[in-house]
Amino acid sequence: MERYEAEGIPCLWMRGGTSKGAFFLASDLPSDPEARDELLLRVMGSPDPRQIDGIGGADPLCSKVAVLAPSSRLDADVDYLFLQVFVDQTVVSDAQGCGNILAAVGPAAIEMGLVPAEDGETMVRIHMLNTGEVSAATVQTPGRKVRYTGEAQIDGVPANHAPIPLVFAGLAGSMCGALLPTGRAVDEINGIACTLIDNGMPEVVMAARDFGLTGYESREALEANEAVKAQIEAIRLIAGEMMDLGDVREKSVPKMVLVSPPVQGGVIHTRSFIPHRCHASIGVFAAVTTATACTIPGSPAHALAELPRGNIFAVEHPTGAADVVLDRDDCGTVISAGTLRTARKLFEGRVFPAPER
Ligand code: NQM
């Protein structure tokens, strides 16, 4: 381990969608998961609410890691393992994927020499190790170099950048085995109507008004509301068992999503707890899963949603909306999903982990 402290570890620091993370080659990290996670805690500066001795941003959205490797399957180009490094706990979790960091995997895989770039654009098929599916990302690569500049805009990120469309299939039951792990569209937990659902992200969808909220409160106001946070956490611990996720005290799933009627012309309005901090926008798979809940009669989301005529579901969040494309079969079942993100290389170099405590 002293070698890492003395020589540093090759690292790309990337923004993916509305998150930021450190990207590593698997071959540059210890192969033993326990040693790897211990090292990543020191890279990020965790546990510490300020992550002052590491590169983490003192926010779960900026304390993320992607570990990339040559693909282990023929229908993909790169393997991507997502790791959430908890800010103030000694926890590194692979118990969720991350669609925002996923947006930066295509560019990073090309930058790191794992995937050759085409002249024009390059489609990168990404094997998401956390959940097992393959997603496709299209990266702008004029002259066989990643281009980050462009005209695409996503809410929650200032300025425009090159578009990175993402396409997913087979997300239902990504971690819970079934879209509706309890087999029901709605379950009552502690007196609150909840949809326990997983279409890429295990999630509990509930009406904000059932907590005495409007659903339009600021992130700061919700994070300061200890009574509501305790009520939500009590539901989460019960829901985790019901969703076959086991004891979720030290897991970042299920996400807890409060829904209310749309106010910006979208389909639904959201505040998501991930699971203890309130998201500044919404996760990609969380948006896909929430949009899917809107299509399920009986769900609190369905009751509040303004369903679109076409297949674009604008999921409103604290800083705008995330557009999700849902393709459904004749029975209304969601069969594939897509979204548009942007990403940017922020820093390239070697990162030096803090000493062992
Ligand atoms: O749901 C945050 C994010 C995420 C996850 C979180 C994500 C997703 O916005 O796909 O992107 O839910 O912890 O980065």
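Note that the numbering runs from 1 along the sequence shown for the chain. Start at 1 and go down the list; that is how both ligands and their atoms are numbered.
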May I ask you to check whether over 12 heavy atoms, not counting those of Arg350, lie within 6.0 Å of atom CZ?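 Result for CZ/Arg350: enclosed.
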Hydrophobic cluster identity match, Val228 and Tyr216, side-chain contacts under 4.5 Å: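 As far as the 4.5 Å side-chain criterion goes, Tyr216 and Val228 are not connected within one cluster.
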Exercise: do [X] and [Y] side chains pair donor with acceptor under 3.5 Å:
X      : Y      : result
Thr182 : Asp187 : yes
Thr18  : Ser281 : yes
Thr141 : Thr122 : yes
Ser174 : Asp198 : yes
Gln96  : Ser93  : no

To which protein heavy atom is [atom] closest, and what is the distance rounded to 0.1 Å?
atom                    : result
atom 13 (O) of ligand 1 : Lys255 NZ, 2.9 Å
atom 2 (C) of ligand 1  : Lys64 NZ, 3.1 Å
atom 7 (C) of ligand 1  : Gly283 CA, 3.3 Å
atom 14 (O) of ligand 1 : Ser19 OG, 2.5 Å
atom 11 (O) of ligand 1 : Asn100 N, 3.0 Å

Criterion side chain to side chain contact (heavy atoms under 4.5 Å, CB included) against Val315, the qualifying member of Thr339, Asp323, Thr289, Ile268: Ile268
What atoms of ligand 1 come closer than 4.0 angstrom to any heavy atom of [X]?
X      : result
Gly99  : 7 (C), 8 (C), 10 (O), 11 (O)
His279 : 2 (C), 3 (C), 4 (C), 9 (O)
Met201 : 1 (O), 8 (C)
Gln96  : 5 (C), 6 (C), 13 (O)

So, does Cys98 sit close enough to ligand 1 that a heavy atom of it is under 4.0 Å from the ligand? yes
What I want to know is whether [X] and ligand 1 share at least one N or O pair that is separated by under 3.5 angstrom.
X      : answer
Gly97  : no
Ile101 : no
Phe285 : yes
Val284 : yes

For the ring pair Tyr4 and Phe352, is the centre-to-centre distance below 6.0 Å? no
